[in-house]
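The chains referred to below are lettered A, B, ... by the order of the sequence lines, with proteins before strands, and numbering in each begins at 1.
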Protein chains: 4
Amino acid sequence: MARPPLDEDRNAVARAERRRQILDAAKHVFAEGGYHGASIGAIIDRAAIARGTFYLYFESKEAVFGALLDRAMTDLRARIVHVETDAGAPPPEVQLLDGIARVLEYIVADRPLAAVLLGSTSTPDAEAAARLQSFYDEIRAVIARSLAKGEALGILRVTNPERTAAALLGLVRGIVEYCISHAAEVEGRIGEVTRELVDVALRGVLRR
Amino acid sequence: MARPPLDEDRNAVARAERRRQILDAAKHVFAEGGYHGASIGAIIDRAAIARGTFYLYFESKEAVFGALLDRAMTDLRARIVHVETDAGAPPPEVQLLDGIARVLEYIVADRPLAAVLLGSTSTPDAEAAARLQSFYDEIRAVIARSLAKGEALGILRVTNPERTAAALLGLVRGIVEYCISHAAEVEGRIGEVTRELVDVALRGVLRR
Amino acid sequence: MARPPLDEDRNAVARAERRRQILDAAKHVFAEGGYHGASIGAIIDRAAIARGTFYLYFESKEAVFGALLDRAMTDLRARIVHVETDAGAPPPEVQLLDGIARVLEYIVADRPLAAVLLGSTSTPDAEAAARLQSFYDEIRAVIARSLAKGEALGILRVTNPERTAAALLGLVRGIVEYCISHAAEVEGRIGEVTRELVDVALRGVLRR
Amino acid sequence: MARPPLDEDRNAVARAERRRQILDAAKHVFAEGGYHGASIGAIIDRAAIARGTFYLYFESKEAVFGALLDRAMTDLRARIVHVETDAGAPPPEVQLLDGIARVLEYIVADRPLAAVLLGSTSTPDAEAAARLQSFYDEIRAVIARSLAKGEALGILRVTNPERTAAALLGLVRGIVEYCISHAAEVEGRIGEVTRELVDVALRGVLRR
DNA sequence: AATGAATGAGGGTTCATTCAT
DNA sequence: CATGAATGAACCCTCATTCAT
C-alpha cells in the first residue's frame, strides 16, 4: 500500500520541522524574561528566519507561547506516572520513584523549558494562562487521586488530599528549581535526589 | 512634651502616605502581568495621580518594583520564625506551627503581594531579580540551618539540608498558591491548613 | 535730602539682588547645552531657590533667556568703542586697540556668557533670537560705519563695508572662541593677543 | 558586461535613497532649533515616514545628527584646498581663491547645512560635539600649517599661526553667515565676495 | 514673598504586526 | 513560501509651568 512520497508530504514535513525550529527558539527566548520580556525579534534572530516567516507559522506572539506550553505539557503528561496497585505490579514506592525520576530527568534536562513552566504565572494571554493553570490543576488532581487511593488502601495517612497534593506539587517544584540552579552538582545524580525527595514526602523530616 | 505638629511633619506624613498609595497601586499592577506586563500608565491610573507625580516618588519603574519587593521582604522577614531550642522555650513543633501560620496569614491576606512574590522569578531588572533570588536563598538557608540543628539534636532525620530545605520551601509555596486560589475555602482556617502542612513536612504522607 | 531707607527700598534691593542671582545661575546653565539643553531645574538648583520662586522673577524660560541676553548686550554695548577722529583724539589705531582689548577682556573673563552669546543661534524664542540677531547687526553696523569713515578719510582701503564688517566680526568671534578654549595660555596676555588680531585685520597676513 | 539589476541592488539603492531622504529632513529640522530643539516627530513628519521607519535607518537621534555632521564634513573636507607651492603649480593666491570659493559655494548653497555646522557648538551629544569640534580643529590646523609654510617661504608675515588661523577661520565663518542671511544679494557673486574676503585676509583693511 | 508638590504634554524608543515584492 | 521594510500604538521618562499652603 506504499505510495510515492508526494510533494505535499515533503512540504508537510518541512513545515513541521520549521515549526519546531521556531518553537525551540521561542522556548529559549521565553525562558529568559518571561512572556513580556520576550520579543519576536529575539525569536526570529535565534531561529534565523525572516520576520514575516514567523507569522506564516504562528498567528501571534500569544500563539507561539500557547503552542510552546502545549508541547511541554504534552511531553510532561506522557511522563507522569499513575501508580498501579494491581497485584503483580511493582511495589508502589518503586513505581513512584521511577515515575518522579523520569519527570525530573526530563525537566532538568531542559532548563529553558523548566524556566517557562515555572515562571509563566503572569501572561496576558488569558487562555494560555488558563491552560497552564489547568495543567497544574491536572497534576494536582493526579496526585490527589493517588493520595486518596493510598488512603483507601491504608498505605497513607488520612489527610485532605487536595491540600496535600498542592503541598507535594510545590515540593517537587522546589526540587526542580534547586536542580536547575545547581545543575552542576546534581548532574547524573537525579536518582539520588529523587530518592531523598520521595523520602521527605513519604516519611517527613522527623526522626521516628 | 507634646509639640505642635510642624509643617515638615505633616509634609513627611503626607509624602509617606502618597508613597504607600503608589506602592499599593503598583503592587496590584505588577501582580497581574509581572514586571514587563506592568505599565506606569496602569499604575498611575490606579493611584489616580499624574504621570509626573509618579516620578516624584520613584525614580523609575525598576525603583518601584524594588521598593515593593523590599517592603514585602521586610514584612516577611519580620514574621519568619527562628525556632528556639533553649530549655524553657515552647516545644519546637509549637513554635514552628505558630511561625508558619503567621507567615501564611500575612501572605494569604494579600493576594496581589503573593502574586508578585511568587511570579517575579524572571524580571529584567537584574537587581530586583537578584534581590528576590537572595531573599529566597535567605529563607532556604534559615530552613537548612533549622534542619541541621534538628539533626544535631537528634530530632530530625539525616538528610541533605540544602535540598530538603529547597523541597520544604517549595512545599510552603505550594500551599500558599493553593490558599490564594482557594481563598474562600481557606478563609479563617489558616491554622488548620498550617497544621496539615507541618504534619506532611514532619511526618510525610506515609502511614506509620 | 537723605531720607530713611524704607522697607520698599530694601525690598526692591533684595528683589534686584535675587534677580541677579537667578540670572547668573541661568547664564551658567544656558552656557552648557544652549537654550534647549538648559532646564529650569538646573537653574533653580544652581540658584538655590525653590521652583516657584523662579516664576516670581521671570515669566518663563524664554523670559530668563531674553533677560540674560539683554544684560549681556547692554554690558557689551557699553564697551564697544566708537573711534574718534577729532583732532586731539588719540590716534585711531590706539583707540581701536584699547576698545577691542576692553571687549575681549570682558568677554573672555566670563566664559559662560561668551558661550551663550556665541552659541545661541538656535532659540525657539523667536523674539530673543531676533534680539541677538539685531545685536550682531548693530555691531556689524558699527564696524561698517567705522570702515566707511576710514575710507572717506583715506585711511582705509576701499571695500564693501558691509561684507568687510561681517568678516571682521567673524574674525573677532574666532579669536574669542580661541581665547575661551585656550584660556590658560591666553591668561593675562589679552593685550598681546589683541595686538596680533588688530594687526591681521589692519595689515593682513601678507608680507609687504 | 552589463548584468541585470538584482533585487539586492535595487534594495540597496532604495535603502540609500531613503536614508538620504531622512538625513535631508533631519538637516532642516536640526537647522532650526539645534540638536535639542529638533524632535524625531518633526523629522519623520518632514520625511513623511512612520516613527518606526526612522529607527530602521538610524539608531537614535544622536546617530542621525552624527551622520549628518559626518556627511557634511566629508563633503567639506573634499573641498578644502591645500595650497601647493611646487614649481609649476598655479600661484598660491589663485589656488587660495579657487579653494575658498569652492567651499563657500558648497556651503552657501545649503543654508540648513550651514546652520547646523555653525550653530551646533553646544550639543549634548558629547560625541557629536567632539566630532564637530575636532573638525574645526582640523580646519584650523590646515590654515595654521599654510600660514607657517608661507612664513617659511617669506611670503607671509611672522605671526602666531594658531591664533591667526583661529582669526581667519572666524573671518570665513563671518562671511558665510553674511552670505546666508543675504543670500539674494550674494547669489551668483560668490567669486567676487571671495576675492574681497581673501583681500582682507591677505592685505588687511589698511590702505598701504 | 517663598515654597515644592502636582500636573500633563511631549520627548525618544521599542516592538508586534502587516504587506508588497 | 519566504522576505524584510514599513507601520504606529504604546512604553518609559522629562520638564516647563501652576497653585495651595
DNA chain F: stems of at least 3 consecutive Watson-Crick or G-U pairs whose donor-acceptor distances fall under 3.5 Å: E:2-21 with F:2-21

Test item: C:Tyr35 side-chain N/O and C:Glu62 main-chain N/O as donor-acceptor pair under 3.5 Å: yes

Spacing between C:Leu56 atom CG and F:dT21 atom C1', to the nearest angstrom: 14 Å

Whole angstrom value for the distance that separates P of F:dC15 from OH of B:Tyr55: 13 Å

Toward the 5' end of DNA chain E, by each residue's nearest nucleotide, B:Gly52 or D:Ala38: B:Gly52

NZ/NE/NH1/NH2 to OD/OE distance under 4.0 Å, A:Arg20 and A:Asp24: yes

Close side-chain approach of B:Leu117 and B:Leu69, heavy atoms under 4.5 Å: yes

A:Ser60 side-chain N/O to E:dA16 phosphate OP1/OP2 under 4.0 Å: no

Any A:Thr53 side-chain N or O less than 4.0 Å from OP1/OP2 of F:dT3: yes

Atom-pair distance (CZ on A:Phe65; C1' on E:dA16), nearest Å: 16 Å

Minimum-distance pair of heavy atoms, taken over all atoms of B:Arg19 and B:Tyr57: NH1-O, 3.8 Å

Nearest-Å distance for atom pair NZ/C1', residues C:Lys61 and F:dT18: 17 Å

Least distance between heavy atoms, C:Phe58 atom then C:Ala67 atom: CE2-CB, 3.8 Å

Below 4.0 Å: OP1/OP2 of F:dA2 and any side-chain N or O of A:Arg18: yes

B:Arg15 CZ - E:dG4 P separation (whole Å): 11 Å

Sugar-phosphate, base or nothing in reach of A:Tyr57, heavy atoms under 4.0 Å: sugar-phosphate

Protein-nucleotide distance (A:Glu62, atom CD; E:dT17, atom P), rounded to Å: 8 Å

Atom-pair distance (CD1 on B:Ile22; P on F:dC13), nearest Å: 14 Å

Side chain D:Lys27, main chain D:Val116, donor-acceptor under 3.5 Å: no

Donor/acceptor link under 3.5 angstrom from B:Arg51 side chain onto base of E:dT7: no

Atom-to-atom span, CZ of A:Phe54 to P of E:dT18 - whole angstrom: 11 Å

Minimum heavy-atom distance A:Ile22-A:Ala47, with the two atoms named: CA-CB, 4.3 Å

Sugar-phosphate only, base, or nothing, as touched by D:Ser39 at under 4.0 Å among non-hydrogen atoms: sugar-phosphate

